[in-house]
Engineer: 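Have a look at this one before I ask anything.
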Amino acid sequence: MDRFELMRLLEALLFGATEPFSERELTQRMPDDTDIVGLLAELREQYANRGVHLVQFGTRWAFRTAPDLGPHLRLKRVVRRKLSRAALEVLAIIAYHQPVTRAEIEEIRAVATSRGTLDILLEASWIRPRGRRRLPGRPVTWGVTEAFLDHFGLESVGSLPGIEELKAAGLLEHRPGLGILSALRDRAEDGEQGESGELYDAVESDTAIALEE
Amino acid sequence: MDRFELMRLLEALLFGATEPFSERELTQRMPDDTDIVGLLAELREQYANRGVHLVQFGTRWAFRTAPDLGPHLRLKRVVRRKLSRAALEVLAIIAYHQPVTRAEIEEIRAVATSRGTLDILLEASWIRPRGRRRLPGRPVTWGVTEAFLDHFGLESVGSLPGIEELKAAGLLEHRPGLGILSALRDRAEDGEQGESGELYDAVESDTAIALEE
Amino acid sequence: MAEHSTSDGETGEPFEATRPDYRAAQDDSLVLDLDGFEGPIDVLLTLARKHKVDITKISILALANQYLDFIARARGLRLEIAADYLVMAAWLAYLKSRLLLPSSDDDDEPTGAELAARLAFQLQRLESMREAAGKLMRRAQLGQDFFARGKPDPVAVDTTTVFNATLYDLLSVYGTIRQRQQSSVLHIEPLTLYSMDEALARLNSLLGKTPDWTVLEKFLPAATSDTLLMRSAIATTFAASLELTRQGKLQISQSGTFAPIYLRRHQDEPRDG
């Protein structure tokens, strides 16, 4: 099989399937000694201007419709439940600070993570446990999945929007937080368990204070 | 939209469609006055030598892999099967308690495990025999495979969240399903042990994940 | 043209609903309603954003003053304020004093400037994550703005079975098993009760030795510390005595409600042997 035929075969494999392929899976399905990496790069180049793109996320490859066509594409859209503001923040923290423990997420947000937040992200297949931190209790660390990268059209975690600037500004470093904040967090957690927070919310909801500068 | 953009849009539509589109359906989905017939002919021409062809069946159009590639094409046709509840339970127990014998799995589940359940997990390449326990009958012990870790996006079984972490993530619902007799007993014993404390302590004492690499 | 196909337009939320709903803080008539905030840091961040667009140039001292002023007014209005807001107020008052007073050299505590820098970092870091979340959700998303192959090619040689199980399924099932384990242990408990058969056998064997009225408690098995077992023994022994009375082997006597219950062998019954 010459290079052109190998390219056709690779194209058929990737184009025909709904599932993304890892390079390892492609190697198993293509003739031995195929230059998978070179062919993938060439194929991506060939589709760069077309209505369908060859995209990479993590270790996987798949054809996807070009993002700029989105507004014009009258295709069946998947209905998604809207993520809460808190869940979005937790997702962003996991993506940008990974691997990150629950305690570290709470330190950054300075509030307790309510039960069900990680649950929702896990259910969406966007986060996964990455390992354990060498700390007392060996807490699990969290990171994002390849499904997350695919969903947001990202090649890798390194291509998250603005991650380089944040790194340069030192905002992704782990620094000792304020003691005061962990005290606030613990308190918030107590409140959550006692369900008193809900009570206060109801009392306050009608009374707002105008803030002047 | 110029002709090139219309072509891209048509290409993306046909790629993303769940069913072949008729020319009439395409007309509805494309901007008014688009020369659908001309564009389809041109698109078919562009793909004529590629690994994927634009094919017409009667009045319907769809992308299909090139017929000549058939013999070489080991397309990933994915048959999705739902894993039964029982199989999922057995899998979870193997992941958390490996190496574990069938008798031990049954003890944890408190029901007999049918041979078919382990077969399904073997078929999925998610479990493998690990060795034999030094017990009468030398029963086989089971563990999870690399394919399991790959499928669930885990780096090791050690990164599976412990019971406390499952609880914190909202995955353990507090279920007050205790029978009337245990309630009677609690009263008879004058609540020497806190009811909920007892429940959680017992859960935690088994938390350790067997790790034997 | 960004129109949904009719099939999901009816049931689903509008596509735009996936965009984050961050509070717009530029509005001059900002109303501070504690209900909408996620704790004091959230309030501080909103104040900071209102104060200056560039959060890196924020004056921590001015921010502390604004926050303290807000808390003071809220208390003036006798609003219920959650404890963590007050803790933050106390801490900011402390920070203010450290910023205003000259620090002594032999002090081990961090200086006011250091504390202020830490708070500024905390605010910037959280703000950066909120912006990141917004940027993420404004990206084109799979199934919304770009699409996978709609249907796999019917020409298929290599069929692989993929089981639909996610990590979420696995973890939630494991959690359920562990809970069920707890209740299955409890299900064994009824076995420790004193059975009706045991009570009948015991009562029958003791009956020959008791021609005179004897209080029911004397027929009970030896006392154990298991109070539930003892209670079941009382109940079954009483039930067994009714059964033997019905059979004509036993007589029962009780002088009044809650009075002791006495048993004796039926007087007309001939002695064995």
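Side-chain atoms are counted along with the backbone in the values below, which use heavy atoms only and exclude waters and symmetry mates. On a predicted model such as this, the values are computed, not experimentally measured, just so you know. Just so we're on the same page: letters track the sequence lines, and every chain starts at 1.
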Engineer: Do the side chain of Arg132(A) and the main chain of Gly158(B) share a donor and acceptor less than 3.5 angstrom apart?
Structural biologist: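 Such a contact is found between Arg132(A) side chain and Gly158(B) backbone.
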
Engineer: Give, as side chain, backbone, both or neither, the part of Pro139(A) having an atom under 4.5 angstrom from any heavy atom of chain B.
Structural biologist: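 Both parts, backbone and side chain.
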
Engineer: Identify which part of Phe4(A) has an atom lying under 4.5 Å from any heavy atom of chain B, answering side chain, backbone, both or neither.
Structural biologist: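 Just the side chain, heavy atoms under 4.5 Å.
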
Engineer: What part of Gln46(A) is in contact with chain B, defined as an atom under 4.5 angstrom from a non-hydrogen atom: side chain, backbone, both or neither?
Structural biologist: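 Contact with chain B: side chain only.
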
Engineer: Where on Glu25(B) is there a heavy atom nearer than 4.5 Å to chain A: the side chain, the backbone, both, or neither?
Structural biologist: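 No part of it gets close to chain A.
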
Engineer: Side chain, backbone, both or neither: which part of Arg50(A) has an atom under 4.5 Å from a heavy atom of chain B?
Structural biologist: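 Both parts, backbone and side chain.
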
Engineer: Please check: side-chain N/O of Arg8(A) versus main-chain N/O of Asn49(B), any donor-acceptor pairing under 3.5 Å?
Structural biologist: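 Yes; at least one donor-acceptor contact below 3.5 Å.
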
Engineer: Kindly compute the distance separating OG1 (Thr145(A)) from CG (Leu154(B)), expressed to the nearest 0.5 Å.
Structural biologist: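 The distance works out to 11.5 Å.
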
Engineer: Tell me the closest heavy-atom pair linking Pro129(A) and Pro161(B), and the distance in Å.
Structural biologist: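 For Pro129(A) versus Pro161(B), the nearest heavy atoms are CG-CD, 4.1 Å.
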
Engineer: Side chain from CB out, backbone as N, CA, C, O: work out which of these in Arg133(A) comes under 4.5 Å of a heavy atom of chain B, or both, or neither.
Structural biologist: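 Neither part.
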
Engineer: Which atoms of Leu43(A) are under 4.5 Å from chain B, going by heavy atoms: the side chain, the backbone, both sets, or neither?
Structural biologist: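 When you check distances to chain B, only side chain atoms of Leu43(A) fall under 4.5 Å.
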
Engineer: Compare all side-chain heavy atoms of Phe63(B) with those of Phe63(A) and state whether any distance is below 4.5 angstrom.
Structural biologist: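 No, too far: nothing below the 4.5 Å cut-off.
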
Engineer: So does Arg3(B) have more than 12 non-hydrogen atoms from other groups sitting under 6.0 Å from CZ?
Structural biologist: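 Correct, the count exceeds 12.
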
Engineer: Would you call His72(A) and Glu5(B) a side-chain contact if the rule is heavy atoms closer than 4.5 Å?
Structural biologist: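 No - every pair of side-chain heavy atoms lies 4.5 Å or more apart.
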
